[in-house]
Number of protein chains: 2
Amino acid sequence: MIKCHLSKLMGEKKLKIVDVARETGVNRGTITRLYHETASRVELETIDALCRYLDCEVGELFEFMDDH
Amino acid sequence: MIKCHLSKLMGEKKLKIVDVARETGVNRGTITRLYHETASRVELETIDALCRYLDCEVGELFEFMDDH
DNA sequence: TCATAATGTTCTTCTGTAGATCATTATGCA
DNA sequence: TGCATAATGATCTACAGAAGAACATTATGA
């Protein structure tokens with residue numbers, strides 16, 4: 001499975017969902033879904049905006065968990 | 001922008017699009033779009049299948065390129 | 001050269017995000 | 001403590017693009 005670490009990254013920086021949505025320009029619903037890991041599809045543009053805003057790599061945002 | 005390194009990873013292993021599609025169960029059209037970087041959206045399930053098949057991390061498949 | 005495999009291309013279908021709105025909960029201040 | 005406001009949760013419709021299939025074109029190799 002692919003784990004999304006958005007909530008962890010946001011928690012470390014004490015960011016709110018509204019902040020991230022406002023600053024990245026990404027829809028709040030989208031941020032909410034990634035935060036709660038209920039998203040199953042993601043726009044590359046969204047990943048781009050999050051990496052830029054959180055100053056992180058794609059690999060820090062999404063992790064491949066080998067659960068066979 | 002987000003760069004997809006699927007073509008590079010496939011090239012290194014001399015893999016064909018049909019092979020990857022067959023082995024991962026991902027639609028060939030989807031592999032083709034990622035290969036040619038014409039995809040703008042991606043299923044987490046697809047990333048999962050590719051990471052597992054290529055034995056790589058998400059960060060090796062997608063890279064954040066900071067082009068301001 | 002010919003058969004077959006691989007890739008490219010195009011079309012329809014359908015899923016899930018985008019975006020908006022409303023409901024609920026949390027927060028801060030008087 | 002109560003109230004105003006901000007943040008989050010939840011839900012709905014519209015739409016973009018992946019999924020999947022089918023057909024065309026190109027590459028491969030016997």
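Chain identifiers are assigned alphabetically (A, B, ...) following the order of the sequence lines, protein sequences preceding nucleic acid strands; residue numbering begins at 1 within each chain.
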Open item on the list: Taking Arg41(A) first and then Glu43(B), would you say they form a salt bridge - that is, a charged N and a carboxylate O separated by under 4.0 Å?
Closed with: yes
TODO: Using whole Å, report how far CG of Leu34(B) lies from P of dA18(D).
DONE: 8 Å
Open item on the list: In the structure I gave you, are the side-chain heavy atoms of Tyr35(A) and Met10(A) within less than 4.5 Å of one another anywhere?
Closed with: yes
Task: Spacing between Arg28(A) atom CZ and dA7(D) atom C1', to the nearest angstrom - done: 7 Å
Open item on the list: Working to the nearest 0.5 angstrom, can you tell me the gap between Phe64(A) CZ and Leu50(B) CG?
Closed with: 10.0 Å
Open item on the list: Does dA18(D) have OP1 or OP2 under 4.0 Å away from a side-chain N or O of Ser40(B)?
Closed with: yes
- [ ] Could you identify which residues of residues 9-16 of chain A place a heavy atom less than 4.0 Å from some atom of DNA chain D, listed by residue number, or say none?
- [x] Lys16(A)
TODO: Please figure out whether Gly29(B) or Arg22(B) has its closest DNA chain C nucleotide nearer the 5' end.
DONE: Arg22(B)
Open item on the list: Is the shortest side-chain heavy-atom distance between Tyr53(B) and Leu15(B) below 4.5 Å?
Closed with: yes
TODO: Look at the side chain of Arg33(A) and decide which nucleotide, out of dT17(C), dG8(C), dG20(D), has an atom nearest to it.
DONE: dT17(C)
Task: Interatomic distance where CD belongs to Glu37(B) and P belongs to dA18(D) [whole Å] - done: 13 Å
Task: Candidates dT21(C), dA7(D), dA18(D) - which lies nearest the side chain of Ala39(B) - done: dA18(D)
Open item on the list: Below the 4.0 Å mark, does dG17(D) have OP1 or OP2 next to a side-chain nitrogen or oxygen of Arg41(A)?
Closed with: no
TODO: Using whole Å, report how far CD1 of Ile31(B) lies from C1' of dG20(D).
DONE: 13 Å
Task: Rounded distance [0.5 Å steps], NZ in Lys8(B) versus CD in Glu63(B) - done: 7.5 Å
Open item on the list: Distance check needed: dG16(C) P versus Glu43(B) CD, whole Å only.
Closed with: 7 Å
- [ ] Could you tell me whether the phosphate oxygens of dG8(C), OP1 or OP2, come under 4.0 Å of any side-chain nitrogen or oxygen in His36(B)?
- [x] yes
Task: Distance in angstrom units between Tyr35(A) OH and dG9(D) C1', rounded - done: 13 Å
Task: Heavy-atom neighbours of Glu45(A) CD exceed 12 at 6.0 Å - done: no
Task: Length of the CG-P vector between Asp19(A) and dA7(D), whole Å - done: 7 Å
Open item on the list: Taking the minimum atom-to-atom distance to the side chain of Ile17(A), which one of dG9(D), dT17(C), dT9(C) wins?
Closed with: dG9(D)
Task: Rounded distance in Å - CG (Asn27(A)) to P (dA14(D)) - done: 17 Å
- [ ] Evaluate the side-chain proximity of Met65(A) to Ile2(A): yes if any heavy-atom separation is below 4.5 Å, no if none is.
- [x] no
